[in-house]
Amino acid sequence: MSTSLSAPPPTRESGHVGSRPNSTSQEKKEGSKRSYAKEVSDSLWVDALAYLLAIVILLNFWSAAFLELVMYVVFYPLCPSIWYVTRILGVRFGWLFPMLCLKWSNVRIRMTGKGAAATSLGAIPPSPFSFSSSWQRYRDLLTPGKLPRALIMINHLSWADTFVLSPWLHAHNSVNGDTCWPMWKGFMQMPLGWIAYMSECPVLGYGKEVDLKTIHRSVTRFFERRMTKFFLFPEGAVFREEMRSKSHQYATANKLPLLDHCLLPKHGAFYRAGKELHRQGMTTLVDLTLAYPPASSLYDAPFNVLDLVKRHAKPLYLPLHVRTFAMSEVPWDEEGKVQDWLNQRFMEKDKMLEEYYQNNGGALVEGAVEEGSRWQDLLMDLCVWIVLQAVMYGALLYLGRRMLGYGPV
């Protein structure tokens, strides 16, 4: 009986299982297409939500600017002290929605500096849910002389700097109209700029001499106007490659230090503001050094603010180093020595940033503690803001109807 030799049964490895390999390849392609389509869809939804939140933020700034304008017209000529209170609240509520969005988007500050912020800007209340501590913050806010006073300077990496700092400053009860922020003239086209202008913050960008006079005028009667903090970006511009090249050219021509992660600071505004504030009795100078992780889009896109309101699945931690100096440590009597002192501080900043970007270590990382707004404080602000808007718009509606002859609502 003869036996026929037959081929061994086909296996997957031999590639003879009908159309199975082609089917698997096709499934992979379809899976890849579905995955890509989902990524595109998710990205579109994230972008759409970011734009929606940006619109909400702008509308809130519009509302805060409008109400502050009304208060300015009504109270400033008659009773400046009432205007100062409404200014403090108006700026606080103008920043409320950016802070809420940052809280939701998972952008967080990790601070280093051995408690320097608590001693110079005020301690953060305990974290357990307690509205009593939130009310205490309002009492401190509206009590003259209660909040700490300080001149604050920081390196300028992005348009986002002010936004990412706002929750951290809010934690220290400092995102209010008691803080004076010099504003570039371009922001006068936005509600944020209008709020700053009505809050008597200096508007810059009109030439060196005019800007320095504006700075000096802004710090005159500083404490009489219920101001407590003056914020400065001594570099005078956002750090980017073009500006770094110009900074290096100037430093080389004037035999000054070359900085790789900061711009060489311009000392004029710092000197004039600091000298006058020191004369008026300010005793504390706070130096902040901020960095963006290289993986973040903010690292190499200094004008990209929209990413701040996009939800991050994992927290985006931004390192912030805080240190304080006594104002008496700065040689205010000699402008040249003030320039040398400021250059030295920025050399130290540059070294800190170098250590962070090269080794993910150094002063910006060691002993870091997360600090930011508490939900109960933001919720308290939101409740007060809703009530204040209802009262103000209700009063305006009532007056408008009376003036137009419609009688009471």
Side-chain angles (χ1 to χ4, degrees), residues 152-165 181-189 193 202-212 214-215 231-274 287-308 316 318-321 323 335-365:
I152 305 174
M153 67 176 186
I154 184 174
N155 57 315
H156 203 359
L157 296 176
S158 166
W159 276 10
D161 295 347
T162 307
F163 291 92
V164 300
L165 280 175
W181 296 77
M183 185 75 62
W184 188 252
K185 63 181 181 181
F187 285 96
M188 288 303 295
Q189 301 174 18
V203 180
L204 309 178
Y206 298 98
K208 180 179 178 180
E209 293 303 321
V210 175
D211 288 351
L212 291 178
T214 302
I215 288 285
F231 224 99
L232 271 177
F233 295 97
E235 292 160 292
V238 174
F239 178 84
R240 56 191 189 277
E241 189 59 39
E242 176 189 357
M243 297 307 298
R244 181 171 67 171
S245 297
K246 291 182 179 180
S247 177
H248 281 188
Q249 291 173 9
Y250 180 84
T252 302
N254 293 273
K255 298 181 179 180
L256 294 171
L258 296 178
L259 307 179
D260 292 323
H261 304 285
C262 301
L263 303 178
L264 198 66
K266 300 176 181 179
H267 72 283
F270 176 80
Y271 169 67
R272 282 161 178 77
D287 179 29
L288 306 179
T289 303
L290 177 68
Y292 293 104
S296 165
S297 61
L298 296 169
Y299 174 71
D300 54 5
F303 304 115
N304 181 11
V305 181
L306 196 62
D307 273 8
L308 289 177
L316 174 61
L318 308 181
L320 177 72
H321 183 70
R323 55 181 177 172
E335 185 172 353
K337 290 186 177 181
V338 171
Q339 182 180 11
D340 293 340
W341 188 92
L342 188 60
N343 287 343
Q344 184 63 37
R345 301 291 80 76
F346 270 78
M347 289 173 64
E348 294 164 0
K349 286 175 177 288
D350 199 68
K351 183 178 179 182
M352 280 191 277
L353 291 167
E354 176 71 19
E355 291 175 346
Y356 172 71
Y357 289 126
Q358 293 298 323
N359 306 314
N360 193 30
L364 281 162
V365 175

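Given the structure is predicted, the values throughout are model-derived calculations rather than measurements.
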Legend entry - For Phe346 against Pro265, the heavy-atom pair lying closest together: CD1-CG, 3.7 Å
Legend entry - Rounded distance (nearest 0.5 Å) linking atom CG of Leu157 with atom CG of Leu353: 6.5 Å
Legend entry - Gap separating the CG atom of Leu320 from the CG atom of Leu165, nearest 0.5 angstrom: 6.0 Å
Inset, instruction - Spell out, as yes or no, whether a donor-acceptor pair under 3.5 Å connects the side chain of Gln339 to the backbone of His267. - result: no
Legend entry - Side chain to side chain, Trp341 and Phe270, heavy atoms closer than 4.5 Å: yes
Inset, instruction - Please report the closest heavy-atom contact between Met243 and Val238, naming both atoms and the distance. - result: CG-O, 3.7 Å
Legend entry - side chain to side chain contact (heavy atoms under 4.5 Å, CB included) between Val365 and Asn359, intermediate numbers included: CA-CA 10 Å; Val365 175; Asn359 306 314; over 6 Å; no
Inset, instruction - List in chain and number order the residues that pass salt bridge (charged side-chain N to carboxylate O under 4.0 Å, His left out) with Asp287, two or more places apart in sequence or in another chain; answer none if no residue qualifies. - result: Arg323, Lys349
Legend entry - Smallest separation among heavy atoms of Leu364 and Pro319, with atom names: O-CB, 3.4 Å
Inset, instruction - With rounding to the nearest 0.5 Å, note down the distance linking CG in Leu232 to CD1 in Ile152. - result: 10.0 Å
Between side-chain atoms of residues 250-261 and protein atoms elsewhere (two or more places apart, or another chain), which donor-acceptor pairs fall under 3.5 Å?
| from | atom 1 | to | atom 2 | distance (Å) |
| --- | --- | --- | --- | --- |
| Thr252 | OG1 | His248 | O | 2.8 |
| Asn254 | ND2 | Tyr250 | O | 2.8 |
| His261 | NE2 | Glu354 | OE1 | 2.5 |

Legend entry - Nearest heavy-atom neighbours spanning Tyr357 and Ala291: OH-CB, 3.8 Å
Inset, instruction - Please report the C-alpha distance between Leu290 and Leu288 in whole Å, then the side-chain angles of each, then the deciding distance to 0.1 Å, and finally whether the side chain to side chain contact (heavy atoms under 4.5 Å, CB included) criterion is met. - result: CA-CA 6 Å; Leu290 177 68; Leu288 306 179; over 6 Å; no
Inset, instruction - Might you point out which heavy atoms bring Gly268 and Leu212 nearest each other, and give the distance in Å? - result: C-CD2, 3.6 Å
Inset, instruction - Would you check if the side chain of Asp211 reaches a backbone N or O of Lys208 as a donor-acceptor pair within less than 3.5 Å? - result: no
Legend entry - Residue list, salt bridge (charged side-chain N to carboxylate O under 4.0 Å, His left out) with Lys185, at least two apart or on another chain: none
Legend entry - Short N-O contact, Arg345 and Glu348, less than 4.0 angstrom: yes
Legend entry - Beyond-backbone contact of Tyr292 with Val164, side-chain heavy atoms, under 4.5 angstrom: yes
Legend entry - Gap between atom CE of Met347 and atom CG of Leu264 - 0.5 Å precision: 10.0 Å
Inset, instruction - Taking all heavy atoms of Cys262 and all of Asp350, pick out the closest pair and write down the distance. - result: N-OD1, 3.2 Å
Inset, instruction - Assign the ring pair Phe233 / Trp181 to parallel, tilted or perpendicular, where the plane angle (0 to 90°) is split at 30° and 60°. - result: tilted
